[in-house]
Amino acid sequence: MQAPDSPLAPQQVPFPTVAVVGLGTMGAGVAVAVARSGRRVIGIEADATAAARALARIEESTAHAVARERITAEERTALLALISVGDRLDAAAAADLVIEEVPERLELKREVFAELDRICPAETVLATGTTSLSVTRIAAATARPERVLGLHFFNPVHAMKLVEVVRTVLTTAQVAEQAAEFARSLGKEPVAAGDRAGFVVNGLLFAYLNQAAAMYESRYATREDIDAAMRLGCGLPMGPLALLDLIGVDTARTVLEAMYEQSRDRLHAPAPILGQLVAAGLLGRKTGRGFYSYEAPGSSKVVAEPGAAAAARVAGRPVTAVGVCGSGTMATGIAEVFAKAGYRVTLVARSLEKAERAKAALARSLDRSVDKGRLTAEQRQSTLDLVTASGQLADLAEVDLALEAVAEDLAVKRELFGALDKICKPGAVLATTTSSLPVISCATATERPRDVVGMHFFNPAPAMKLVEVVSTVLTSPEVTSTVLEVCTKVRKHAVECGDRAGFIVNALLFPYLNDAVRMLEEHYATVDDIDTAMKLGCGYPMGPFELLDVVGLDVSLTIERVLHQEFREPGLAAAPLLEHLVAAGCLGRKTGRGFRDHARR
Ligand SMILES: NC(=O)c1ccc[n+]([C@@H]2O[C@H](COP(=O)([O-])OP(=O)(O)OC[C@H]3O[C@@H](n4cnc5c(N)ncnc54)[C@H](O)[C@@H]3O)[C@@H](O)[C@H]2O)c1
């Protein structure tokens, strides 16, 4: 660690002395991160009281870091010695880089930049920490717009590795590169972004959060189900409504307003519910209530609203024998799920041979569970013994639940439902695993549409915890209850939704993936930068292009077309680049090339 009176030599690292203006949530975090890199930090607050408060905040957060063993007590002493805090902007004159982190108001930021421009030598680089304001308009308050850029850190700064380096049309490439190098020297990962509301991460994130808010507002699904669906169906660290509460409903609305102003995309127009919550002072965790209610302001513990009682549900029908139609990945995986939970399963394919092959695949999957120590050899055998392979639908005459996972083709599914209707005993529940076709179109192929329901499993079925239970306008409540109860027995988390395109997960996921493709198509950011930004900025397990290549570009395009056809929202139209790649046969991993080149196996 450097002593305070011997800052790093200018040739060693970019910007040996850094001023941070505004030491609130972000500024205090940035000041500490910069000092940890051995640089001298000049902290500047609005007045003496705020400066004292800021210093106390920095001392407290670094003491916390020592307690958590993120840094040693010696490192803390050394880094505190590198930070000075005052209330005079003039002190910024000694800095090579100034990072502004004052509240998110354009006029305030422009005033600060005009002053900094007057105070700082011509070569000093000025950076704004804005989330949603125009960096270009802030830069225009100075006479050196080529040395002005955005440095967008994420909260909490010590934990989040991402920094968006925002270049306006006037920022020089050299300044942007120096800033990226600076971010790297803080142990951060810089991604390059242009000056547009939301940059990469928030641009993609907030559009999705907005759709989730609108979905909740339309009462398509409950807040708990929307959140669980996105966590369990996509592996996201948090559900969208819980995340809105964490970010602050007011902040989210401000960011969306800024995005809409630039894009005029209706999908960015803040969902009315956000305005209602803001008007009511229900801003999320910080006020103790937003989409959810919390134990106290600032608490993360969700509590039930007073007077909220769970609606009583009718009892489902008993289910002991299950039929699964199909021989592909989903059918095999679903048969495994049921057999593992102790159900008798008849696996029916178009021929006995195909059914036997599917059962063999199921056996191999059970073998892997044994190898991993998740199943004993006896459990494997008893599970396998519960599965009967068959080439005849007639063998489903006595099942209590018949589930189809055949080709995603409406004509094929309707024909199958027509046949099941004739074969299955009265009272049997007929379920489809379709991910993009209307469940009601399967139902109307039968004489018993009230007994037809959707059970949308995720791939791989044995591993993925989520099932979307889709009730049509005709599905009887008893049938919905039956599959909800069955889901619990097979240890899946069921969420309930209506019969419309995309259900919950795909309706929220694919517009986001499409937005990422559009961002790429517009040359706003690169494939790698967008993937890195979403993984590091949001904690997503995969970036959008990684995910598209895994899912398959053709499959993705089909889902996007279905969504657009259903909602006719212009913003949902599939990005032309996606159509072109599919037309060119670049379908993702399965063809060796999608958004990235994948080595052929
Ligand atoms: N909070 C987040 O999660 C987050 C994440 C990324 C970016 N940002 C952005 O970072 C910036 C700072 O946000 P924050 O959350 O830290 O705000 P904050 O309100 O916590 O802190 C702002 C600080 O600036 C000080 N200040 C006000 N006027 C000043 C002036 N003229 N000179 C010096 N200091 C002044 C205030 O006293 C306060 O301490 C905003 O542009 C915000 O959009 C916030």
Side-chain angles (χ1 to χ4, degrees), residues 19-33 41-58 60-61 84-92 95 98-116 118-119 126-135 137-138 141 149-166 183 188 191 193 195 197-203 205-206 209 238 243-259 283-286 298 533 536-539:
V20 181
V21 182
L23 298 167
T25 309
M26 294 309 287
V30 170
V32 171
V41 178
I42 304 164
I44 302 166
E45 257 295 344
D47 53 50
T49 320
R53 207 174 42 220
L55 192 58
R57 175 182 298 141
I58 289 170
E60 198 184 309
S61 74
S84 63
V85 178
D87 64 350
R88 293 188 49 82
L89 202 58
D90 291 353
V98 183
I99 304 175
E100 163 279 307
E101 295 285 0
V102 303
E104 190 77 347
R105 293 201 307 275
L106 182 63
E107 273 325 301
L108 172 64
K109 296 211 187 237
R110 282 176 54 91
E111 272 168 34
V112 169
F113 270 73
E115 276 295 286
L116 286 171
R118 195 181 52 72
I119 291 164
L126 307 181
T128 171
T130 186
T131 298
S132 56
L133 301 172
S134 156
V135 179
R137 282 161 84 176
I138 295 170
L149 82 171
L151 273 180
H152 186 225
F153 288 85
F154 289 74
N155 186 21
V157 177
H158 70 82
M160 301 293 286
K161 275 187 81 74
L162 185 69
V163 177
E164 288 174 312
V165 177
V166 185
K188 305 287 178 200
V191 301
D195 184 22
F199 312 133
V200 176
V201 173
N202 289 346
L205 174 69
F206 281 76
L209 295 179
M238 260 183 131
L243 182 55
L244 277 165
D245 274 358
L246 177 65
I247 291 170
V249 179
D250 51 339
T251 305
R253 189 161 180 272
T254 308
V255 173
L256 283 163
E257 283 290 5
M259 284 170 57
L283 308 184
R285 279 193 198 180
K286 60 188 169 189
L536 297 182
C538 299

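The residues of the chain are indexed from 1 along the displayed sequence. Counting starts at 1 for both ligands and their atoms, following the listed order.
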Notebook entry, point to check: What part of I44, side chain from CB on, backbone N/CA/C/O, both or neither, has a heavy atom under 4.0 Å from ligand 1?
Noted result: backbone

Checklist line | E164 side-chain N/O to V200 backbone N/O, donor-acceptor pair under 3.5 Å | finding: yes

Check: Taking atom types as modelled, is there a side-chain donor on T254 or E104 under 3.5 Å from an acceptor on the other?
Finding: no

Note to self: Starting from atom 27 (C) of ligand 1, what is the nearest protein heavy atom, named by residue and atom, and what distance separates them?
What the structure shows: P103 CD, 3.3 Å

Notebook entry, point to check: What residue and heavy atom of the protein are closest to atom 7 (C) of ligand 1, and at what distance?
Noted result: T131 OG1, 3.0 Å

Checklist line | Polar atom proximity, E100 to ligand 1 (N or O, under 3.5 Å) | finding: no

Next item on the list: Taking ring-ring contact (aromatic ring centres under 6.0 Å, His included) as the test, write out the residues that go with F153, two or more places apart.
Entry: none

Item checked: Heavy atom of the protein closest to atom 32 (N) of ligand 1 (residue, atom name, distance) -> V21 CG1, 3.9 Å

Note to self: How close do I44 and A19 get, counting heavy atoms only, and between which atoms?
What the structure shows: CD1-CB, 4.4 Å

Next item on the list: List the atom of S132, the atom of A197, and the distance in Å for their closest heavy-atom pair.
Entry: O-CB, 4.2 Å

Check: Starting from atom 30 (C) of ligand 1, which protein heavy atom do you reach first, and at what distance in Å?
Finding: V102 CG1, 3.9 Å

Checklist line | Residue and atom name of the nearest protein heavy atom (relative to atom 9 (C) of ligand 1), distance in Å to one decimal | finding: G129 O, 3.2 Å

Note to self: To check your reading of the model: name the closest protein heavy atom to atom 21 (O) of ligand 1, its residue, and the distance in Å.
What the structure shows: G24 CA, 3.2 Å

Next item on the list: Would you name the heavy atoms of V157 and K188 that are closest together and state the gap between them?
Entry: O-NZ, 2.6 Å

Next item on the list: Name the closest protein heavy atom to atom 15 (O) of ligand 1, giving the residue it belongs to and the distance to 0.1 Å.
Entry: T25 CB, 3.7 Å

Margin query: Applying salt bridge (Lys or Arg N to Asp or Glu O under 4.0 Å) to D47 and R53, what does each step give before you reach the verdict?
Written below: CA-CA 10 Å; D47 53 50; R53 207 174 42 220; 5.9 Å; no

Notebook entry, point to check: Quick one: does ligand 1 sit under 4.0 Å from the side chain of K109, the backbone, both or neither, non-hydrogen atoms only?
Noted result: side chain

Notebook entry, point to check: Taking atom CG of L116 and atom CG of L89, what is their separation to the nearest 0.5 Å?
Noted result: 4.5 Å

Next item on the list: Could you list the residues that satisfy side chain to side chain contact (heavy atoms under 4.5 Å, CB included) with D195, not counting sequence neighbours?
Entry: S134, V135, T136, V166, T168, F199

Notebook entry, point to check: Would E60 and R57 pass as an ion pair if we require N to O under 4.0 Å?
Noted result: no

Check: Considering E104, R105, M26, E101, which one's heavy-atom position lies nearest to atom 22 (C) of ligand 1?
Finding: E101

Checklist line | Atoms of ligand 1 close to H152 [distance to a heavy atom under 4.0 angstrom, numbered from 1] | finding: 6 (C), 7 (C)

Checklist line | Under-4.0 Å protein heavy-atom contact, atom 34 (N) of ligand 1 | finding: yes

Check: Has ligand 1 got any nitrogen or oxygen that is less than 3.5 angstrom from a nitrogen or oxygen of E45?
Finding: yes

Check: Is F153 in contact with ligand 1, taking contact as a heavy-atom separation below 4.0 Å?
Finding: yes

